[in-house]
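Step one of this worksheet: look at the structure below.
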There are 2 protein chains.
Amino acid sequence: MTVPPSPPARPMRADARRNYERLVSAATEAFLENGADASLDDIAKRAGVGPGTLYRHFPARQNLIDAVLDRWMASVLTEAEPLLEAADPAEALAVWLRRLVSHVYRFRGLSSALIPPEDKMKGDSPGWVLHSTSEQLLARAQQSGQIRSDVVIKEVMMLVSGVTWACTSGKEVDADRLIDLIMNGLRVRD
Amino acid sequence: MTVPPSPPARPMRADARRNYERLVSAATEAFLENGADASLDDIAKRAGVGPGTLYRHFPARQNLIDAVLDRWMASVLTEAEPLLEAADPAEALAVWLRRLVSHVYRFRGLSSALIPPEDKMKGDSPGWVLHSTSEQLLARAQQSGQIRSDVVIKEVMMLVSGVTWACTSGKEVDADRLIDLIMNGLRVRD
DNA sequence: AACGATACGGAGATACTCTCCGTTTATCAA
DNA sequence: TTGATAAACGGAGAGTATCTCCGTATCGTT
């Protein structure tokens, strides 16, 4: 028995789409200013919509966070393109990791954005694309013989997300230095 | 002009001390169950005191967190003693770092406990003692020639606190593996 | 036991999250 | 253009947390 295709989703109305965009913009601004626990009422006010509207579009805070992160990830992925062809694959990986840290820590409370998604979430979501892009950069460095072959991207990203978190701890952190130390641990020993 | 010594602090009344102890115990339990953002009203109820009493003893949530962590640090420091005399100083450092991670991540939201205190906070507070103990273990491994001499304890502890944070992210994390990778980055290259 | 100082409990103010219902707006067909 | 319908709206108010403050209780000293 073949499952019939579900009917095409009714498109969002123009006013709803407009409000959705406003909310994502307002949330980006509020998260940058006050971190991921910024008041949702404040975000609704910034967007010029009622609280009910915010919750209708984003039933929980995490949905709003996801929307903001999707935008961010889509933009940061463009920075990976040239690195995928760099002459020094290990250095390209290091540059990429430093880039990720410098972007994510601007959003206090969103360090978990770098934690790899579950395998079941494969698809073309920006989070997954960022994960697989990082994986490509690691694989390339491994194939060049510079990075240990026993390292998997998941653990690298865990370490890196920890660094982004440390950067938001309120203490002064030399993120580049921490990434260097991590990279040193990934390099093949002569 | 010499500043006169301040008069000795009046000792806390018996009932106040009793309530303080109750609050710290209740907070420990609540933080273990629900993380560092457990409801303060719930903690007051658990301790059998009114909300006003909780705030009198602990004006902000961080004060309560500090009290809980002081207790914890005092107990975990006893585990460092034998490590300070271990035959393999690098392995002793690794064991110590793994111990710290396994202890801290039980308190969701308290990963920042491992971030080194500011220099101006030198003293015999447990936080500072933990910091200087870690420094001793690092110095010992450096003197043995196993660990790079350019590494400072602050950056190590930043990395480790990031790992403890990752452990509380809700995703499965092999903390020992991450510590191994970090240690590998600290080791002298042949 | 009396007195003064310390410490108390918890009602209520405040600020947030979240729901829900009457109203408004957008879209489509005639 | 008009009218009908469904989508989407705003925001009052319920619920829950943090935090303050004042009348009352308790402790410690004489």
Side-chain angles (χ1 to χ4, degrees), chain A residues 6-69 107-110 112 170, chain B residues 6-69 107-110 112 170:
Chain A
S6 51
R10 181 178 297 272
M12 204 186 293
R13 261 172 42 179
D15 56 342
R17 164 127 316 271
R18 207 159 43 236
N19 285 334
Y20 180 98
E21 299 294 336
R22 281 184 173 151
L23 283 164
V24 176
S25 295
T28 304
E29 185 179 294
F31 289 158
L32 283 169
E33 280 180 39
N34 300 311
D37 56 0
S39 154
L40 296 183
D41 263 14
D42 180 55
I43 288 167
K45 284 190 178 70
R46 287 176 185 236
V49 304
T53 301
L54 184 146
Y55 286 97
R56 216 159 5 250
H57 288 284
F58 305 101
R61 178 182 293 276
Q62 191 59 47
N63 302 101
L64 192 49
I65 288 174
D66 290 344
V68 169
L69 288 179
F107 293 89
R108 186 162 22 98
L110 296 186
S112 56
Chain B
S6 51
R10 181 179 297 273
M12 202 186 296
R13 259 172 41 181
D15 57 341
R17 167 131 308 280
R18 207 160 42 236
N19 285 334
Y20 180 98
E21 299 295 338
R22 279 185 174 151
L23 282 164
V24 176
S25 297
T28 303
E29 184 178 295
F31 289 159
L32 282 169
E33 278 180 41
N34 302 311
D37 56 358
S39 153
L40 296 184
D41 264 14
D42 180 56
I43 289 167
K45 284 190 179 71
R46 286 178 187 234
V49 304
T53 300
L54 184 146
Y55 286 98
R56 214 158 8 248
H57 286 282
F58 304 101
R61 179 184 292 277
Q62 191 59 47
N63 302 99
L64 192 49
I65 289 174
D66 288 344
V68 169
L69 287 179
F107 293 89
R108 190 163 15 99
L110 297 185
S112 55

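In what follows, every chain begins at residue 1, and chains take the letters A, B, ... in the order their sequences are listed.
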Polar atom pairs (N or O), protein with nucleotides 1-3 of chain C, under 3.5 Å:
none

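Of the inter-residue distances, the one linking A:Ile43 atom CD1 with A:Leu23 atom CG reads 8.5 Å to the nearest 0.5 angstrom. Rounding to the nearest 0.5 angstrom, the gap separating the CG atom in A:Leu64 from the CG atom in A:Leu54 is 6.0 Å. Here A:Asp66 contributes atom CG and A:Leu110 contributes atom CG; the two are 9.5 Å apart, rounded to the nearest 0.5 Å.
Not counting sequence neighbours, A:Asn34 has no partner by the side chain to side chain donor-acceptor pair (under 3.5 Å) test. Partners of A:Arg108 by side-chain contact (heavy atoms from CB on, under 4.5 Å), not counting sequence neighbours, listed by chain and number: A:Thr168. With sequence neighbours left out, the side-chain contact (heavy atoms from CB on, under 4.5 Å) criterion links B:Arg56 to B:Thr53. With sequence neighbours excluded, no residue forms a ring-ring contact (aromatic ring centres under 6.0 Å, His included) with B:Tyr55. When the side-chain contact (heavy atoms from CB on, under 4.5 Å) test is applied to B:Ser25, no partner is found at least two apart in sequence or on another chain.
Atom CG in A:Asn63 sits about 14 Å away from atom C1' in C:dC18, given to the nearest Å.
If you check residues 53-61 of chain A against DNA chain C, the residues with a heavy atom closer than 4.0 Å are A:Tyr55, A:Arg61, listed by number. Residues of residues 12-36 of chain B that place a heavy atom closer than 4.0 Å to DNA chain D, in numerical order, are B:Arg13, B:Ala14, B:Asp15, B:Arg18. Using a 4.0 Å cut-off on heavy atoms, the residues of residues 40-52 of chain A that approach DNA chain D are A:Gly48, A:Val49, A:Gly50, A:Pro51, A:Gly52, listed by number.
Phosphate contact (OP1/OP2 of D:dT16, side-chain N/O of B:Ser39, threshold under 4.0 Å): absent.
Every pair passing ring pair (Phe, Tyr, Trp, His ring centres under 6.0 Å) that includes a residue from residues 20-47 of chain A is listed here, sequence neighbours excluded: A:Tyr20-A:His57, A:Tyr20-A:Phe58. Within the structure, every pair that satisfies the salt bridge (Lys or Arg N to Asp or Glu O under 4.0 Å) test and touches residues 44-54 of chain B, not counting sequence neighbours, is listed here: B:Glu29-B:Arg46, B:Glu33-B:Arg46, B:Asp42-B:Arg46.
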B:Phe107 and B:Val68: CA distance, side-chain angles, deciding distance, side-chain contact (heavy atoms from CB on, under 4.5 Å) verdict: CA-CA 10 Å; B:Phe107 293 89; B:Val68 169; 3.9 Å; yes

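Using modelled atom types, no side-chain atom of B:Arg18 and backbone atom of B:Arg13 make a donor-acceptor pair closer than 3.5 Å. Between the side chain of B:Asn19 and the backbone N or O of B:Ala16, no donor-acceptor pair lies under 3.5 Å.
Note on the helix from C:dA1-D:dT30 to C:dA30-D:dT1: terminal axis deviation equals 10°, with five pairs used at each end and the result rounded to 10°.
Shortest non-hydrogen contact noted between A:Ala38 and A:Ala30 is CB-O, 3.8 Å.
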